[in-house]
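Reviewing the structure listed below.
Here the structure is a predicted model, which is why all the values come from computation and not from measurement.
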Amino acid sequence: MIKYDDYIKRYDDMDEDEFDILVLNVTLFLEAYCESFISQSKLKDNFEDFGLDIDEAIIQQLHFANENGGLSFFDGNNDVMVKSVSTSGFSYSYGKSDIKTYKGIPIAPMTSFLIEKELRKKGYLGRCVYA
């Protein structure tokens, strides 16, 4: 599991209390995301039994979540989902985003890349059709 020191070496943008809560959400989310690619017949009771190294993906998703809403990221209120903002004399809106989501939660592009790379290396992305 990622520790605060692992994260803070790269990104100095979060206090330890917020990290402790956010890392649990990110880890559970990415474990479920990984399992969504794995055939139901190959699912295991413990995520660690898959032998997947997703630590770097967790760090990337932590930073992405922190930059786009922090603790509210998993509540559906995050900056990635903003459609428009207006104040007196100023407005902006985001156009169509190519950012992937899983169960309505955005996934950082680097996180998605790292997860798919690890799943491919471990043979979990191979598809077979039996007739």
Side-chain angles (χ1 to χ4, degrees):
M1 179 171 228
I2 299 298
K3 303 288 184 220
Y4 182 68
D5 289 340
D6 299 325
Y7 179 82
I8 211 70
K9 285 178 190 173
R10 179 120 21 108
Y11 302 109
D12 188 17
D13 61 358
M14 190 182 327
D15 65 43
E16 193 165 0
D17 291 335
E18 186 174 13
F19 172 86
D20 290 340
I21 297 167
L22 201 53
V23 73
L24 293 174
N25 288 345
V26 167
T27 302
L28 290 171
F29 171 68
L30 291 183
E31 287 176 359
Y33 179 62
C34 287
E35 289 175 342
S36 74
F37 288 94
I38 299 171
S39 169
Q40 186 175 2
S41 65
K42 297 201 185 249
L43 290 177
K44 302 175 190 274
D45 290 333
N46 295 312
F47 184 80
E48 294 78 27
D49 293 342
F50 290 114
L52 299 172
D53 179 6
I54 63 168
D55 288 353
E56 182 61 28
I58 291 171
I59 289 173
Q60 294 298 322
Q61 188 70 16
L62 272 169
H63 181 64
F64 184 68
N66 190 52
E67 292 290 306
N68 290 287
L71 294 175
S72 65
F73 186 80
F74 293 96
D75 298 333
N77 299 318
N78 57 67
D79 294 347
V80 177
M81 300 301 193
V82 171
K83 298 285 185 221
S84 69
V85 174
S86 297
T87 61
S88 59
F90 176 77
S91 69
Y92 70 92
S93 64
Y94 294 158
K96 184 180 182 229
S97 174
D98 289 336
I99 292 180
K100 291 181 182 182
T101 62
Y102 178 67
K103 303 294 185 185
I105 299 171
I107 302 169
M110 190 64 167
T111 299
S112 177
F113 166 75
L114 291 168
I115 292 286
E116 290 174 22
K117 178 182 171 187
E118 183 67 11
L119 288 166
R120 189 172 292 107
K121 276 187 351 187
K122 301 293 183 174
Y124 289 112
L125 289 185
R127 302 278 185 211
C128 295
V129 177
Y130 298 98

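In terms of heavy atoms, Gly70 sits closest to Glu18 at CA-OE2, 3.7 Å. Across every non-hydrogen atom of Ile2 and Leu62, the tightest pair is CG2-CD1, 4.5 Å. The two residues Ile8 and Asp12 have their closest heavy-atom pair at CD1-OD1, 3.5 Å. Annotation for Phe73 and Pro106: closest pair CZ-O, 3.4 Å, computed over non-hydrogen atoms. The heavy-atom pair separating Ile58 from Val26 by the smallest distance is O-CG1, 3.8 Å. Here the closest heavy-atom approach between residue Ile59 and residue Arg10 is recorded as CG2-NH1, 3.9 Å.
Side-chain contact between Leu24 and Met1: present, with at least one pair of heavy atoms (C-beta onward) separated by less than 4.5 Å. In this structure the side chain of Ile38 reaches within 4.5 angstrom of the side chain of Leu119, judged on heavy atoms. Between Phe64 and Ile99 the shortest side-chain heavy-atom distance falls below 4.5 Å.
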Side chains of residues 27-34: which donor-acceptor partners sit under 3.5 Å, not counting sequence neighbours?
{"from": "Thr27", "atom 1": "OG1", "to": "Val23", "atom 2": "O", "distance (Å)": "2.7"}

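Placement of Ile105 and Phe113 in two distinct hydrophobic clusters is found when ILVMFWY residues are connected by side-chain heavy-atom separations under 4.5 Å, directly or transitively. In the hydrophobic clustering of ILVMFWY residues, with side-chain heavy atoms under 4.5 Å counting as a link, Leu125 and Leu114 come out apart. The same ILVMFWY cluster, assembled from side-chain heavy atoms under 4.5 Å apart, contains both Tyr124 and Ile107.
Under the 30°/60° scheme for interplanar angles, the aromatic rings of Tyr4 and Phe19 are found to stand perpendicular.
Within the model, atoms NZ of Lys117 and CD of Glu56 stand 10.0 Å from one another, a figure rounded to the nearest 0.5 Å.
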